[in-house]
Amino acid sequence: MISRPRGTRDFLPDEMRRRRDLEKRMRAVFERWGYEEVATPTFEHLELFTLKSGDAIIEELYEFADKGGRGLALRPELTAPVIRMYINEMKNAPMPLKLYYFGNCFRYERPQRGRFREFWQFGCELIGTDTPEAEAEVIALASTIMDEVGVKQELHIGDLAIVRDLLGDLSQEEQSMIMRLMDKKDEAGLREVLDADIADKLFDLIEARSCDEIEALMGASDEMEHLRRVLDLLDVYGVKYQVDLGVARGLEYYTGVVFEIYGEGLGAESQVCGGGTYRLIPLFGGPDIPSTGFAIGFDRIMEIYGLEPEKEVRIVLVSTEDTREEGIRIAGVLRKRYKTYLDIMQRGLRSQLHFADRWNADYAVIIGPKEVRDGKVTLRDLESGEQETLTLDDCLEILAQRATA
RNA sequence: GCCGGGGUGGGUUAGUGGUUAUGCUAAAGGACUGUGGAUCCUUUGACUCGGGUUCGAAUCCCGACCUCGGCCCCA
């Protein structure tokens with residue numbers, strides 16, 4: 001027997017219905033905010049992901065050579081591919097671009113709850129600006145999506161521009177390492193690599209919970225005003241957040257405001273969304289324009305998603321040996337509007353109704369010799385067990401009434 | 001990559017060294033001949049894999065694989 005590769009999943013009908021329902025709800029929010037969907041290939045040239053990613057990301061890549069010897073990789077995330085797409089073919093589109101996407105991504109990692117080797121990301125990129133208005137919109141959008149799908153969220157907002165002001169003298173590598181330590185809230189580690197006064201200040205900064213506290217430590221600056229404006233706008237959006245300059249994000253291309261959202265009800269993998277402002281476009285050979293975006297861990301939302309999919313009407317069309325052909329004709333009419341199952345096993349009446357029960361059908365429409373003779377159908381409500389024989393038009397009428405009731 | 005818990009039919013479960021591996025559920029067929037959920041009968045179907053200990057292993061030991069949880073990293 002051949003099993004699934006490790007860290008992958010099969011989605012059975014019940015779960016798939018719930019996934020599609022969640023997808024639909026999230027997609028609807030992006031659409032209502034004026035974002036448009038795009039899709040990129042499942043695999044890309046290896047360099048797209050190795051060019052500006054840390055070793056950790058590269059180690060997790062599913063990479064391979066194709067039959068022509070090209071180095072390729074399954075995408076580990078979607079920001080880089082979307083930016084690549086923008087540079088390749090959307091440079092003349094009117095700014096700003098508001099794009100969203102939903103797709104599977106691949107990382108060679110140790111699987112656990114909420115972490116898989118194949119997983120799905122929803123996300124968006126707002127390309128062309130890093131104004132406070134843009135950043136506030138993107139954060140508010142992320143937060144709204146969480147609300148709309150019933151996730152209890154905790155939103156943390158940081159700002160790498162401010163942190164980098166403090167670390168300005170240090171090299172790129174040192175800054176990256178410090179970001180990582182900050183993310184882990186590793187005080188001892190930070191004290192090891194930093195001068196005592198900078199370490200003290202950095203730690204106070206991580207503890208700061210308001211702009212005033214930060215300004216008291218760092219003094220006034222353009223970055224400070226920028227962050228203040230973003231937070232003011234979030235207040236207007238009605239978004240609840242917590243200032244947390246310890247949010248450092250793993251990726252090195254973030255430059256400004258960054259944020260993470262944690263969901264309630266998950267284990268170790270509680271981060272359900274992360275994003276911020278970055279400058280990735282020039283790194284890939286495009287113009288020096290900033291973007292803001294985020295990615296949502298779709299599978300993690302699935303774990304804590306409490307809403308039930310919309311009820312669908314399921315009908316089983318029951319016919320007999322003599323009436324199969326009439327059954328197919330009537331099923332054709334029902335199928336214009338409803339999910340209709342038609343027996344193809346040459347089963348008897350009893351057996352077809354048994355199947356209808358197991359299939360959780362709402363109604364059985366029975367077409368036997370009597371019905372065919374009278375030009376009628378029998379509509380049986382499988383929940384109440386009540387049934388009546390009536391014309392097809394009347395049957396459709398009743399189904400339509402019940403569906404809206 | 002590291003540290004723990006766990007793997008018995010499709011799902012669930014009994015079985016801690018000894019006949020043909022238990023029950024429930026499911027699926028297929030039947031009893032019941034124009035009506036599902038009940039009952040009964042038949043059939044299908046499992047010890048994750050590989051070593052070791054033993055006269056004998058689902059059971060004890062080791063390893064691998066998978067899985068669950070944690071570290072790391074992130075979505």
Side-chain angles (χ1 to χ4, degrees), chain A residues 1-10 12 14 53-60 75-79 101-123 142 146 151 179-181 183-184 186 247-251 258-263 266-275 293-304 316 318-323 341 343 345-373 378-389:
Chain A
M1 206 177 74
I2 298 167
S3 58
R4 266 179 290 136
R6 181 164 200 208
T8 63
R9 289 156 298 158
D10 295 314
L12 276 51
D14 279 349
S53 301
D55 290 344
I57 299 283
I58 294 170
E59 275 174 31
E60 293 175 356
R75 58 191 181 194
E77 49 106 14
L78 285 159
T79 298
Y101 50 76
F102 176 59
N104 52 351
C105 298
F106 306 83
R107 290 184 198 173
Y108 193 86
E109 285 190 280
R110 178 106 188 174
Q112 60 180 269
R113 181 177 182 193
R115 180 201 283 177
F116 307 95
R117 290 188 173 175
E118 183 190 23
F119 61 98
W120 273 258
Q121 273 193 351
F122 243 114
M146 295 304 141
V151 168
M179 295 287 174
R180 220 156 296 149
L181 291 169
D183 217 26
K184 283 184 239 174
D186 182 350
V247 174
R249 308 290 303 145
L251 298 169
V258 289
F259 68 101
E260 293 179 343
I261 298 177
Y262 304 92
L266 286 158
E269 308 291 330
S270 67
Q271 191 188 320
V272 293
C273 176
F294 63 80
I296 294 172
F298 185 79
D299 306 279
R300 292 182 185 174
I301 304 290
M302 272 301 293
E303 293 253 333
I304 51 175
V316 168
V318 176
S319 60
T320 65
E321 205 179 326
D322 301 330
T323 61
Y341 181 94
D343 176 62
M345 299 286 280
Q346 307 184 341
R347 280 172 165 151
L349 206 62
R350 182 185 198 90
S351 193
Q352 289 184 56
L353 280 162
H354 180 244
F355 179 88
D357 187 44
R358 297 294 319 186
W359 194 59
N360 282 325
D362 302 286
Y363 301 98
V365 171
I366 302 166
I367 314 294
K370 280 185 215 161
E371 283 82 2
V372 171
R373 189 185 61 225
T378 295
L379 176 65
R380 180 175 178 86
D381 182 324
L382 291 172
E383 202 179 333
S384 66
E386 287 165 17
Q387 67 179 44
E388 58 180 317
T389 301

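Lettering of chains follows the sequences in order, A, B, ..., and the numbering in each one begins at 1.
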inquiry  = OP1 or OP2 of B/C68 versus the side-chain N and O atoms of A/Q112: is any pair under 4.0 Å?
reply    = no

**OP:** Please state the C1' separation for the pair B/C32 and B/U39 - nearest whole angstrom.
**Re:** 11 Å

Using only heavy-atom distances, decide whether a donor-acceptor pair under 3.5 angstrom links the side-chain of A/R4 to the base of B/C66.
no

Check whether the side chain of A/E383 and the base of B/G37 form a donor-acceptor pair under 3.5 Å.
no

Notebook entry, point to check: Sub-3.5 Å donor-acceptor pair from the side chain of A/Q271 to the main-chain atoms of A/I261, do we have one?
Noted result: no

CD1 of A/I366 to CD of A/Q387, rounded to nearest 0.5 Å, is 5.0 Å

| Using the P atom in both, what is the distance from B/C73 to B/U67, to the nearest Å? | 23 Å

Check: Counting any heavy atom closer than 4.0 Å, what does A/Y363 reach on the DNA or RNA strands: base, sugar-phosphate only, or nothing?
Finding: nothing

Taken to the nearest whole Å, OH/A/Y108 to C1'/B/G1 is 11 Å

Discussion item. Considering every strand and a 4.0 Å limit on heavy-atom distances, what is the contact class for A/E118: base, sugar-phosphate, or nothing?
Written reply: nothing

Taken to the nearest whole Å, CZ/A/F298 to P/B/A75 is 17 Å

- Task: Scan A/G385 against the nucleic acid and name what it touches under 4.0 Å (heavy atoms): base, sugar-phosphate only, or nothing.
- Result: base

With sugar-phosphate taken as primed atoms, P, OP1 and OP2 and all else as base, the protein-contact string of nucleotides 26-31 of chain B at under 4.0 Å (heavy atoms; B, S, -) is SSSS--

5'-most contact on RNA chain B (nearest-nucleotide basis), A/Y262 vs A/L353, goes to A/L353

Practice item. Using a 4.0 Å heavy-atom cut-off across all strands, classify A/Q352 as base, sugar-phosphate, or nothing. Key: nothing

Across every strand shown, the nucleotide meeting Watson-Crick or G-U wobble geometry with B/G9 (both distances under 3.5 Å) is none

- Query: What interatomic distance, in whole Å, is found between P of B/U22 and the corresponding atom of B/A46?
  - Reply: 12 Å

**Report entry** Sugar-phosphate only, base, or nothing, as touched by A/I366 at under 4.0 Å among non-hydrogen atoms
**Finding:** base

Scanning all shown strands, the Watson-Crick or wobble mate of B/C40 with both distances under 3.5 Å is B/G30

A/R110 side chain N/O closer than 4.0 Å to the phosphate oxygens (OP1, OP2) of B/C72? no

Margin query: Would A/R117 pass as a cation-pi partner of A/Y108, given that its NZ or CZ must be under 6.0 Å from the six-membered ring centre and within 45 degrees of the axis?
Written below: yes

Using Watson-Crick geometry (N1-N3 plus N6-O4 or O6-N4) or G-U wobble (N1-O2, O6-N3), each under 3.5 Å, B/C71 is paired with B/G1

Between CZ of A/R107 and P of B/G1 the distance, given in whole Å, is 18 Å

| said: Please classify the nucleic acid contact of A/G275 as base, sugar-phosphate, or nothing, using heavy-atom distances under 4.0 Å. | reply: nothing

Q. Is there a donor-acceptor contact under 3.5 Å from the side chain of A/R380 to the main chain of A/A364?
A. no

Distance between C1' atoms of B/G45 and B/C24 (Å, rounded):
15 Å

When rounded to whole Å, the CZ to C1' distance for the pair A/R115 and B/C2 reads 12 Å

Against the side chain of A/L382, the closest entry in B/A75, B/G36, B/G34 is B/G36

If we take the C1' atom in both B/G29 and B/G56, what is their distance in whole Å? 40 Å

*Got a salt bridge between A/E118 and A/R9, using NZ or NE/NH1/NH2 to carboxylate O under 4.0 Å?*
no

When A/G114 and A/A361 are each assigned the nearest nucleotide of RNA chain B, the 5'-most assignment goes to A/A361

Atom CD of A/E303 and atom P of B/C68 are separated, to the nearest Å, by 9 Å

Which whole number of Å gives the distance between the P atom of B/U13 and that of B/U54? 34 Å

In whole angstroms, the gap separating C1' of B/G37 from CG of A/D357 amounts to 5 Å

Span that lies between the C1' atom of B/A14 and that of B/C66, in whole angstrom:
24 Å

Taking a pair to mean Watson-Crick or G-U wobble geometry with both distances below 3.5 Å, B/U19 pairs with none

**Prompt:** Would one find a side-chain N or O of A/R300 under 4.0 angstrom from OP1 or OP2 of B/A75?
**Reply:** no

Residues at least two apart in sequence or cross-chain that pass salt bridge (charged side-chain N to carboxylate O under 4.0 Å, His left out) with A/R115, listed by chain then number, are A/E109, A/E269

d(A/D322 CG, A/I367 CD1) to nearest 0.5 Å is 13.5 Å

Quantified in whole Å, what is the P atom distance between nucleotide B/G15 and nucleotide B/U48? 16 Å

task = Please tell me if the side chains of A/V318 and A/D343 come closer than 4.5 Å, counting only heavy atoms from C-beta onward.
result = no

- Describe the nucleic acid contact of A/C105 in one word from base, sugar-phosphate, nothing, applying a heavy-atom distance below 4.0 Å. nothing

To the nearest angstrom, the CD-C1' distance between A/E60 and B/C72 comes to 10 Å

A/R113 atom CZ is separated from B/G70 atom P, nearest whole Å, by 7 Å

Under a 3.5 Å limit on both distances, the Watson-Crick or wobble mate of B/U48 is B/A64

Is there a donor-acceptor contact under 3.5 Å from the side chain of A/E371 to the main chain of A/G368?
yes

Checklist entry - Below 6.0 angstrom between ring centroids: does that apply to A/F119 and A/F106? => result no

